[in-house]
Amino acid sequence: MLQIAEIRENKDAFAIALQKRNIDALSLLESAIAVDENRRNLQGQLDEILAKSNKLSKEIGDLFKSGKGAEANELKSQTSGLKESSKEIGEQLNTAVEELQNILYTIPNIPQDSVPAGNSDEDNEVISQHGEIPTLHDGAKPHWELVKDHDIIDFELGNKITGAGFPVYKKKGARLQRALINYFLDKNTAAGYEEMQVPHLVNEASGYGTGQLPDKEGQMYHVGVDDLYLIPTGEVPITNMYRDRILDHKDFPIKMTGYTPCFRREAGSYGSDVRGLNRLHQFDKVEILRIEHPENSDKALEHMVSHVQEILEELELPYRILRLCGGDLGFTSTLTYDFEVYSTAQDKWLEVSSVSNFKTFQANRLKLRYRTGEKGTELAHTLNGSSLALPRILASILENFQVESGIKIPKVLIPYCGFDMID
RNA sequence: GGAGAAGUGGCAGAGUGGUCGAAUGCACUGGUCUUGAAAACCAGCGAGGGUCACACCUCCGGGGGUUCGAAUCCCUCCUUCUCCGCCA
C-alpha cells in the first residue's frame, strides 16, 4: 500500500510511472488526495470537539472535588451537545478513513525507473542467458511422459486422493524432490539466510499484511470454519513474522529462508501451460526473504539475483534472467527479476523463480518500521524471491538430463539423492 | 472440549473512575567523572494523527457500551497461563 503522504507529494510522477503498468492512475491518486483532505479536515474538527469536552470534564471533576456540585451539574449540561457532534463527526471520519483505505488498496506499487513499459510477458526484457541448451536424443520426452515411464510422479493417484493439480511423488521422484529442498535450504543458509519453519495456514491479518487480501482472496484456499487461509507462498507467513514490529537500525539486514508447500487455486488456465508439473494447486517452494534498510534494498535485490543464479549454475540448467515489464509486474512489486529455465523437451522457458523488491509497499501494510538515528521511525524495505520453486525445476531436470538409458542426476544433487540415475 | 486466572511502554512491573500516556526497576541514548572501561551521578527515552513549529487529538490485547470523565466498571471476541479431559 502506498503512503498517502507520498502520494500527496509525488502525484504526477506516480501517475507517469504507473502508466508503465498500463493504468491511468491519475484520477485514482487525485481522489485519494481529496478523500484524505476531507479526512484531515474531519479529524481537525473532531479533535477540537474532544479538546473542549476534555477540558470541561476536567473542570467538572475539580468542581465536584471542591464541593461545588451545583456548578458542576451546570457544566454537565453543556457536554451533551459536544457528545452528539463528536459522535456524528467521528462517524464521518471513520467513513473517510475507510474510503481512503479502499482507494489505496487498489493502487499498485510504483515501478522503478528501470522497469520497461509493456503489456504482457512478451514485453519482458531478457537481461542475460546462461548455460547450454542440450541436444537430446531422438525420442526425448516431456516430463509428464518421463514420470510415467519411471513411475516417479503419479498425477492420477493425486486425482483420486484430492483432485487435479495435487500429484503424488513416488520413490526416486519423492527422493529427488526432497534432495532439492535440502540442497536449496543448505545453499540459502550458507549465504546467510536463517532457516524458518512456519505455519502453512495464516489468518486474515497476515493475508492483508503481504497483500493477498483483500484483492486476491479467490486465489487462496480458505478454511471457512476457522477463517484461515492456506498459504499461496511462504512469503506470507515469513514476512508476517515482522508485522507490527519496530526494528533497530542495527537489526538490518534480516535474511530468512524457509521451505513450505504452497497452495493456489489458480482457476482459468488450460493447455500445455498446465500440463504435468507446469502448474499445480499444491507445490513446494523454498523462499528467501530480506528486510532491509531503504538505502540497501537495491543492492540486496542484486545479491538475491546472483544467489539464485549460482544455484541454477550448480544445477547445470540453461536459464535466462528477465526484467519484468510494467504490465507483468506483480501488484506489490517495484522491480522483479524472473528466472526461466529452458525445458528442451517442451521447447519452452519455464519460470522457476521471481525475485522482487517491494520497498515500503508491504512494510506500510505490515507496519514494519525501524528507528532512525534521530527521533522517529521509517518504513523498512522488504524483498523476497524463490530459491527455488520445485516442480518446474524438477521438470526441467527430468527433461534436460534425460538420456536413452534413463535420467541422470545433476552432480550437485547426487550426495543428497544417494543415486545418480533414474532408470 | 470443561473449570479458573490473566493480558499495561523493548522487558519486568505498579496503577480499580478525574490531576494517568501512565510510577518504579532494567535495557537503551547523550553527558559528567576516568588514561580507557566499569561503577556512580545528571539528562533523555512508546507509537500514530496534526502543525512551518507549537498547541491539540488518539492509543493500556481487539471491538462495543456505561459515564461529564475509563487503563480502571459492563458486554463480546482474541490470546496466554494453571487444572481436568482427549491425543500425535
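Every heavy atom of this structure was used, including side-chain atoms; hydrogens, water molecules and symmetry mates were not. Chain letters run A, B, ... following the sequence lines, proteins first, then strands; residues in each count from 1.
- With both ends at atom P, the span from B/rG10 to B/rA22 equals 15 Å, rounded to whole Å.
- Checking B/rA38 for Watson-Crick or G-U wobble geometry (two distances, each under 3.5 Å) identifies no partner in any strand.
- Atom CG of A/D186 sits about 12.0 Å away from atom CD1 of A/I181, to the nearest 0.5 Å.
- Of the P atoms belonging to B/rG31 and B/rA38, the separation is 12 Å, rounded to the nearest Å.
- B/rC56 and B/rG36 are spaced 48 Å apart, taking the C1' atom of each and rounding to whole Å.
- One interatomic measurement links the two molecules: CD of A/E378 to P of B/rA47, which rounds to 13 Å at whole-angstrom precision.
- Contact check on A/K58 versus A/D62 returns no salt bridge, with no Lys/Arg side-chain nitrogen under 4.0 Å from an Asp/Glu carboxylate oxygen.
- For A/K172 and A/F419, the positive end sits near the middle of the six-membered ring, less than 6.0 Å away and at most 45° from its axis.
- Pair check for B/rC81 finds B/rG4; Watson-Crick or G-U wobble, both atom distances under 3.5 Å.
- Straight-line distance between the C1' atoms of B/rG64 and B/rC28: roughly 38 Å, to the nearest whole Å.
- Rounded to an integer number of Å, the gap from CG of A/N364 to C1' of B/rG48 is 12 Å.
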Can you give one letter per nucleotide of nucleotides 54-65 of chain B, going 5' to 3': B for a protein heavy atom under 4.0 Å from the base, S for sugar-phosphate only, - for none? --SSS-------

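- Comparing the C1' positions of B/rG13 and B/rA27 gives an interatomic distance of 14 Å, to the nearest angstrom.
- Of the charged side-chain nitrogens involved, none lies within less than 4.0 Å of a carboxylate oxygen, so that A/R371 and A/D248 do not count as a salt-bridged pair.
- Of the nucleotides present, B/rG65 is the one that pairs with B/rC73 by Watson-Crick or G-U wobble criteria, both distances under 3.5 Å.
- With rounding to whole Å, A/I246 atom CD1 is found 17 Å from B/rU29 atom P.
- Rounded to a whole Å, the CG atom of A/L42 is 13 Å from the C1' atom of B/rG49.
- At the heavy-atom level, A/R39 lies under 4.0 Å from the strands shown only through sugar-phosphate atoms.
- A tilted orientation is assigned to the rings of A/Y208 and A/Y105, their planes being inclined by 30° to 60°.
- Ring orientation note: the planes of A/H307 and A/Y193 are tilted relative to one another, at an angle of 30° to 60°.
- Regarding A/Q45, its CD atom lies at a distance of 15 Å from the P atom of B/rG50, rounded to whole Å.
- Partner assigned to B/rA22 is none, using Watson-Crick or G-U wobble distances below 3.5 angstrom.
- Taking a cutoff of 4.0 Å between a charged side-chain nitrogen and a carboxylate oxygen, A/K187 and A/E314 qualify as a salt bridge.
- Across every strand in view, B/rA27 sits unpaired, with no contact that passes the Watson-Crick or G-U test at under 3.5 angstrom.
- Between B/rC73 and B/rC81, the distance separating the two P atoms is 24 Å to the nearest Å.
- Between the C1' atom of B/rG50 and the CD atom of A/E37 lies a distance of 14 Å, rounded to the nearest Å.
- Distance check: A/L157 CG to A/D151 CG gives 9.0 Å after rounding to the nearest 0.5 Å.
- In this structure, A/L26 CG and A/I16 CD1 are separated by 9.0 Å, a value rounded to the nearest 0.5 Å.
- Residue A/D244 contributes atom CG, which lies 20 Å from atom P of B/rC78 at whole-angstrom precision.
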Pairs: protein N or O with nucleotides 17-21 of chain B N or O, under 3.5 Å:
| unit_1 | atom_1 | unit_2 | atom_2 | d |
| --- | --- | --- | --- | --- |
| B/rG18 | N2 | A/S57 | O | 2.8 |
| B/rU19 | O4 | A/K65 | NZ | 2.7 |

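- With a cut-off of 3.5 Å on both pairing distances, B/rA55 has no Watson-Crick or G-U wobble partner at all.
- One C1' atom belongs to B/rG4, the other to B/rA55, and the distance between them is 48 Å to the nearest Å.
- Of the charged side-chain nitrogens involved, none lies within less than 4.0 Å of a carboxylate oxygen, so that A/D420 and A/K408 do not count as a salt-bridged pair.
- Atom name P, nucleotides B/rU82 and B/rU24: the rounded distance is 32 Å, in whole Å.
- With respect to A/R39 and A/E99, no salt bridge is recorded, no charged nitrogen being found less than 4.0 Å from a carboxylate O.
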Pair A/R290, A/T382 - check side chain to side chain donor-acceptor pair (under 3.5 Å), show working. CA-CA 6 Å; A/R290 286 189 180 222; A/T382 62; over 6 Å; no

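- Between A/K11 and A/E30, at least one side-chain N (NZ, or NE/NH1/NH2) sits under 4.0 Å from a carboxylate O, which counts as a salt bridge.
- Listed by residue number, there are no residues of residues 97-107 of chain A with a heavy-atom contact under 4.0 Å to RNA chain B.
- When the P atom of B/rG10 is taken as reference, atom CZ of A/R369 falls 10 Å away, rounded to whole Å.
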